[in-house]
Amino acid sequence: MFLLFFLYSLFGKTYSSSVFHPNTLYFPSFGPESCSNGQLLCMGSVTAGTGFLSLTPEPQQGNLTLPSSSALNKIGRVLYPQPVHAWPAIISTTFTLRITPFPNSTKSGDGMAFVFAQDDRPSPNASHGSYLGLFDRSTQGGGYRQIAVELDTFMNEFDIDANHVGIDTTSIINPVAAVSLNSTGVDLKSGRDIDVKIEYNGWTNMLHVSVGYSGNQLNNVLNHSIVLSDIIPSSVYVGFTASTGKTSPESHQILKWVFTSVPLPLQTDEHTKHDTINTILIIVIPIFLVALFSSIPFIWEAFRKDNFRRKKEEDIENLSRRAADSPKKFTYKQLSKATCNFSTENLLGSGGFGSVYRGIISDITPKTVAVKKISATSKQGEREFFAEICTIGRLRHKNLVKLQGWCHDGVQLLLVYDYLQNGSLDRFIGKDILDWQTRQQILTGLASALLYLHEECGNPVVHRDVKPSNVMLDIGFKAHLGDFGLARLHKEDSMTSVIAGTPGYMAPEVGFTGKVTPESDVYSFGMVILEVICGRRSKGMMEENSLVDYVWDLHSKNALLQCVDKYLNNRFDFDEEEVKRALKTGLACLHPDPTLRPKMSKVVNIFQNPNEPLMELPVNRPTGLYESLSVTSSASTTDFGSKGIHALLQSSTESLEEISISYHQP
Ligand SMILES: *[C@@H]1O[C@H](CO)[C@@H](O)[C@H](O)[C@H]1NC(C)=O
Ligand SMILES: *[C@@H]1O[C@H](CO)[C@@H](O)[C@H](O)[C@H]1NC(C)=O
Ligand SMILES: *[C@@H]1O[C@H](CO)[C@@H](O)[C@H](O)[C@H]1NC(C)=O
Ligand SMILES: *[C@@H]1O[C@H](CO)[C@@H](O)[C@H](O)[C@H]1NC(C)=O
Ligand SMILES: *[C@@H]1O[C@H](CO)[C@@H](O)[C@H](O)[C@H]1NC(C)=O
């Protein structure tokens with residue numbers, strides 16, 4: 001162990017980048033066109049129904065009950081038509097399945113599998129029955145590179161029972177792991193919806209499988225250590241297989257499927273590294289062993305001390321979760337290492353105040369983070385930095401991007417955030433990916449974040465730049481509002497005249513008065529509602545055919561639903577009433593008169609409670625009158641100066657929680 005540790009620290013971890021963007025495949029439902037529109041590769045007996053894919057034939061077709069003989073010896077395989085990144089990566093996939101025996105049979109088979117396959121070929125010819133569409137009977141699949149997680153419903157002589165989960169790599173007869181589901185109470189053939197979650201951690205090489213009836217807690221049934229790179233190529237096809245045998249068939253359906261793979265950085269240049277390691281080993285090992293034996297008592301002592309120290313640290317951490325939760329100070333070196341020296345491969349995006357990089361912080365467990373590097377030497381940037389750590393550092397909400405830490409090293413200003421796997425919401429606007437429930441979940445999450453900022457976190461905080469590219473999505477497509485670079489503590493009498501914000505999302509009065517208010521955030525939020533539902537980007541307020549005009553027009557014609565984006569319309573079912581309510585709420589938020597816009601608490605109530613009355617909307621788009629607003633631009637910009645920042649940062653030793661925030665206008 002010491003030897004390994006020694007070598008490890010000798011070479012350190014030098015990263016080179018790999019394919020960088022996460023892969024997310026998202027099928028909240030399937031439809032009759034799922035096999036024909038090129039979204040999936042349906043092979044063998046796979047057909048698409050309304051709401052599900054059938055991997056093998058169904059007992060019922062329309063009002064006909066088919067004889068079971070029509071479904072014997074079938075093989076189905078469905079794959080996503082593009083390869084995904086399998087290693088090095090963190091993988092998580094969840095799917096809902098339903099297995100139903102044909103009527104009047106006491107037993108049925110054979111089961112199904114989730115598969116990582118080397119290519120997009122169909123299942124082998126003779127892979128029906130116990131081979132689950134995975135392996136050819138004669139060759140046992142020799143030479144074909146795949147990993148399958150099987151959900152087996154038929155007991156063959158080599159199986160543990162007729163209700164188990166297993167992992168297969170080269171043979172169905174000798175699974176590398178298998179475990180019965182009996183103890184979890186889940187019966188694969190119950191005809192009920194069953195959720196299966198498969199996770200692979202590329203750091204620990206552990207594959208985890210969890211199973212449970214839909215709506216219930218998942219049971220973690222299997223953990224198995226497996227090195228993906230030994231078995232499958234780095235780029236693989238993923239999907240499902242199923243088969244029936246020669247006696248009693250069953251139907252195998254997939255109802256939902258989400259797959260995400262987040263690539264991890266590669267270690268550099270395996271070959272040269274191995275060679276160097278070999279040469280060095282020959283020289284180093286003997287010296288090392290001698291040193292080791294002569295210093296055992298010393299090392300033991302150090303080890304004991306280290307353990308003791310670690311334990312103490314853990315205690316402290318446990319005692320004060322609050323402190324552990326608060327932003328930490330990082331050194332520039334740490335962050336530079338985490339992002340491979342801010343390599344372009346790790347660049348996530350650039351904005352007004354700097355660039356954001358993906359990085360890996362090797363703490364006790366390595367963690368992926370987003371590092372925002374603020375353009376150096378700009379006074380403006382420095383002020384934003386200060387505002388951001390003060391504001392976001394003390395804010396905690398499940399729908400806000402969490403600040404992990406910061407770094408202020410000479411001229412370098414950096415912020416470290418949680419990394420959110422699915423990137424920003426703007427990538428999904430006008431795309432065929434999100435169903436209505438997911439869009440609603442995102443809007444509700446964003447509304448809760450704004451409610452917290454405006455009404456619940458003490459001093460009201462105005463975000464100032466609410467727009468889809470500032471809304472980050474996690475692996476479950478929950479919204480996290482980020483980028484507080486422009487946020488300021490909001491006080492009635494202390495508003496700045498600096499107009500910062502994004503045209504198209506900025507409330508009209510901000511252009512006239514220079515004042516940002518919670519109401520101007522509400523306006524921007526209204527724009528996000530329209531974009532998310534209509535699948536269109538907003539243009540500037542003054543432009544012809546603006547999105548707001550378009551939706552108001554349809555509202556006046558009592559044809560609001562016509563603006564719903566074509567993907568939502570064609571591919572997914574949605575509740576028309578819910579969508580209309582959301583659109584009307586969006587229009588209310590976009591009211592030109594800020595005093596007539598709803599408060600975020602009202603918006604959240606409308607989203608969460610179907611009986612909450614909507615805001616009154618005029619039939620036609622109201623036109624704004626800005627004279628009524630007093631234009632009292634105080635023209636005072638806050639200038640904290642670098643000295644102030646230094647003092648503040650130094651006074652906070654470990655935790656930003658200790659900083660008490662008081663903004664006094666000069
Ligand atoms: C069964 O379906 C066929 C064709 O779809 C239809 O003509 C027939 O009336 C249906 N029978 C019943 C009992 O619903
Ligand atoms: C199943 O059994 C019932 C009664 O035993 C019978 O009426 C029915 O026709 C059978 N169904 C099939 C598909 O064999
Ligand atoms: C599988 O079956 C097809 C069609 O029957 C045949 O063309 C093909 O050669 C078979 N493949 C193998 C590997 O036997
Ligand atoms: C699981 O339950 C089934 C039915 O009760 C039984 O036949 C089977 O042997 C059980 N499996 C194990 C591994 O005990
Ligand atoms: C699998 O590992 C997790 C921790 O990673 C543990 O909580 C769980 O109990 C393990 N499950 C089984 C079935 O061993």
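Just so you know, these numbers use all the heavy atoms, side chains as well, and skip hydrogens, waters and symmetry mates. The model shown is predicted, which means the values in this text are computed figures rather than measured ones. Indexing begins at 1, ligand by ligand and atom by atom, following the structure's order.
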Which atom of T244 lies closest to which atom of H128, heavy atoms considered: O-CB, 3.7 Å
Indicate whether any N or O donor in one side chain lies under 3.5 Å from an N or O acceptor in the other, for N220 and H208. no
Please tell me whether R145 and Q118 have a donor and an acceptor in their side chains that are separated by less than 3.5 angstrom. no
Identify, by atom number and element, the atoms of ligand 4 in contact range of D161, meaning under 4.0 Å from any of its heavy atoms. 1 (C), 8 (C), 10 (C), 11 (N), 12 (C), 13 (C)
Please could you name the atoms of ligand 4 that S180 approaches to less than 4.0 Å, counting only its heavy atoms? 11 (N), 13 (C)
Ignoring hydrogens, tell whether any protein atom lies closer than 4.0 Å to [atom]; use the non-hydrogen atoms only.
atom                    : answer
atom 4 (C) of ligand 5  : no
atom 10 (C) of ligand 4 : yes
atom 7 (O) of ligand 5  : no

F240 and ring pair (Phe, Tyr, Trp, His ring centres under 6.0 Å): which single residue from W257, F27, F52, F259 fits? W257
Got a salt bridge between D418 and K367, using NZ or NE/NH1/NH2 to carboxylate O under 4.0 Å? yes
Does any N/O atom on H208 come nearer than 3.5 Å to any N/O atom on ligand 5? no
Atom 2 (O) of ligand 5 sits nearest the protein heavy atom N223 ND2, 2.3 Å
Considering only non-hydrogen protein atoms, determine which one is nearest to atom 14 (O) of ligand 4 and report residue, atom name and distance to 0.1 Å. N182 ND2, 3.8 Å
T169 vs I232 side-chain heavy atoms within contact, under 4.5 Å: no
